Amino acid sequence: MLRYREYDWKLSPADSRFEAYIGILPHQSKAIGWNLQLAYAAAGPEWRRCHHFDRPMMDLTISNFSVSPGDWRNLADVNFWNTANDDCPREGSLDTTFRGKAWDGTNFEFPNLSYLNWRVVRAEKSHFTIELTADTHPINPLPGPAVMASTGPESSEELPSACANHALYLIETVPFGLVTVRVPRNSPDPARHAETLARRAFNTPPADHIEIMDFKDSECEGNRSDLFVKLHYHGLHDG
Amino acid sequence: MSWLEWHQQVLPTGPNNDADLRVFLDAPDACGERQDWTIDFHHLILPSADSPAADSKRFITARLETLGNVVTDWRDCGRLEITATSAWHSRVDNTPGYHRSTCLEVANATYDSGDDNGYDQWYADYFRLTLSPPTGNYFPCELDAWLEPKETFWRKTPLTGSEITRIPTGPPNLRIITRARFCGGEIKIENGPSDPLATARQRIKRAIGLEECEMTLSWYAESQRYLKGLKGPVPKDEQRRCSINFRIPPP
């Protein structure tokens, strides 16, 4: 459930997940990165005569946040709540893209919601429920435990009034969904190589589905020299 | 047998105009609702005495991408009554999961041996659909819809005020009485089960109470192999997530 401006929002499952990236030298921790992707479109009876692609949309990406190494299940311990006083916050940076009307070629907005609090409030098998607030200026952190950990994100009627103080508030359940591994082009078995690296880095199970992306015609030399292997977990993700 | 009225004109329809009722069952790791039903109507309109071409064929098809119902027994679809009010649209559109249109999509197509082919599309956001208890896997089915041409139906801006709850006046301009045959559907199986077909059979039975069906399995890896020009069966280590189409054979 997302509260931002006056719309009712519906999460797009295929485009919303935790994802990780492993660079070409995985033994260097800085080559491992984590992102959280959330994609929404406006929902409700007033939009029934608008094609899905003409509806208002909201995309959020939190990138480069820290997760305890070694196991993807450590996502359950992610907690960047009340980090305003931290000297070196590790909650990552939030990028948002918003469009309030049908696309006319120019009408994307990029709201500056850089004051971020977020945490994982519940973990169930491969899915993680996250709670997030974002603002244009610092706002006192929410008191107490997670807002709707027991009731779940669907019961928006019980949203406390404190959440209304924030420019953006969401509580949502997403899977650990995608690991992208950069492997050398001359690897004899890129898929197996990528799965081995992912297993070492995150203790991942066998992937649901593997895509190998080859950008040999890319203008960027770095992209041409390597292959990018997408390992899909717990569904297929259009990343 | 079926009956179809198009813009207050009863049209002669051919045999075998049963609608297709299908179910989609997602894997356990999917977010949102994992069960979704679709209905497709397709009618061959028989030529009339003043038809311009003897070999002209006309079809009227209608599709509702999601019925918004969840059942524990497929036979319970025989208690389905949809009146597509704004409350229904709201409930279905806000159901967590993949986006599916809540509007009825209708096509009126004519195919001739010459160049004079006609094709126009219509949509309805107000309709009534009723399924009654089945005989075998056939449900008596009635559809009333208030259609608008595609050109005037879709818009770039939302409905406002009374437009949201407006109910059309006048009679429906599409009416269908037919049978809807529950013909099967699709189930997705995650990577893990050693026997996806057996797993699918258990899950279909548990989800909607269907015991007997024929199945066809497709590995997701097939699409990647196709793009690479690889032929032949999918190797064992690539047999991961799959999609299984299941069907109830016609009598």
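Numbered from 1 within each chain, the chains take letters A, B, ... in sequence-line order. Fair warning: this is a prediction, and the values are worked out from it, not measured in the lab.
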Looking only at heavy atoms, which two atoms of B:Lys156 and A:Ala102 are closest? And how far apart?
-> CD-CB, 3.7 Å

Rounded to the nearest 0.5 Å, how far apart are CH2 of A:Trp47 and CD1 of B:Ile164?
-> 10.0 Å

Could you tell me whether A:Arg192 and B:Asp237 have a side-chain N and a carboxylate O separated by less than 4.0 Å?
-> yes

Interatomic distance, OH@B:Tyr220 vs CD1@A:Ile210, rounded to 0.5 Å, equals 15.0 Å

If one checks every heavy atom of B:Ser101 against chain A at 4.5 Å, the contacting part turns out to be neither

Verify, without hydrogens or angle tests, whether A:Asp208 (side chain) and B:Glu190 (backbone) share a donor-acceptor contact under 3.5 angstrom.
-> no

Where the side chain of A:Lys10 meets the backbone of B:His99, is there a donor-acceptor pair that is under 3.5 Å apart?
-> no

Chain A contact via B:Ala27 - side chain, backbone, both or neither, heavy atoms under 4.5 Å | neither

Salt bridge between A:Glu195 and B:Arg240, side-chain N to carboxylate O under 4.0 Å?
-> yes

Answer with side chain, backbone, both or neither: which region of A:His127 has an atom nearer than 4.5 Å to a non-hydrogen atom of chain B?
-> side chain

A:His52 NE2 to B:Arg100 CZ distance, which is reported to the nearest 0.5 Å | 11.5 Å

In plain terms, say whether B:Lys228 and A:Asp214 are close enough for a salt bridge, that is, a side-chain N and a carboxylate O under 4.0 Å apart.
-> no

Heavy atoms only: give me the nearest B:Leu159-A:Arg49 pair and the separation to one decimal.
-> CD2-CD, 4.1 Å

Provide the closest heavy-atom pair for B:Cys31 versus A:Thr173 in the form atom of the first, atom of the second, distance.
-> SG-O, 3.7 Å

CZ/A:Arg5: more than 12 non-hydrogen atoms of other groups inside 6.0 Å | yes

Got a sec: does the OH of B:Tyr226 have more than 12 other heavy atoms crowding it under 6.0 Å?
-> no

Can you tell me how far CG of B:Asn191 sits from NE2 of A:His234, rounded to the nearest 0.5 angstrom?
-> 9.5 Å

About how many Å separate NE2 of B:His89 and CD of A:Glu46, when rounded to the nearest 0.5 Å?
-> 12.0 Å

With only heavy atoms counted, which part of A:Ala41 is less than 4.5 Å from chain B, the side chain, the backbone, both or neither?
-> neither

Side chain, backbone, both or neither: which part of B:Gln239 has an atom under 4.5 Å from a heavy atom of chain A?
-> neither

Which atoms of B:Thr160 approach chain A - backbone, side chain, both or neither, heavy atom under 4.5 Å = neither

Does a sphere of radius 6.0 Å around CZ in B:Arg79 hold more than 12 heavy atoms from other residues, nucleotides or ligands, not counting ones at 6.0 Å or beyond?
-> no

Count the heavy atoms of every other residue, nucleotide or ligand shown that sit under 6.0 Å from CD of A:Glu109, and state whether that count exceeds 12.
-> yes

Sidechain N-carboxylate O distance under 4.0 Å for A:Arg48, B:Asp125 | yes

Heavy-atom donor-acceptor pair, B:Asp93 side chain to A:Pro45 backbone, under 3.5 Å = no

B:Asp29 to A:Ser126 - nearest heavy-atom pair and separation | CB-OG, 4.3 Å

Is there side-chain contact between A:Cys50 and B:Trp154, with at least one heavy-atom pair below 4.5 Å?
-> no

Using a cut-off of under 4.5 Å for heavy-atom pairs, which of B:Ala30, B:Ser90, B:Ala87 has the most such pairs with chain A?
-> B:Ser90

Contact class of B:Glu163 relative to chain A, heavy atoms under 4.5 angstrom = backbone

Nearest 0.5 Å please: distance from the NE2 atom of A:His209 over to the SG atom of B:Cys242.
-> 12.5 Å

Pick whichever of B:Gly97, B:Cys103, B:Gly192 has the most heavy-atom pairs under 4.5 Å with chain A.
-> B:Gly97

Counting heavy atoms not belonging to A:Glu124, are there more than 12 under 6.0 Å from its CD?
-> no

Heavy-atom distances under 4.5 Å only: say whether B:Thr102 touches chain A with side chain, backbone, both or neither.
-> side chain

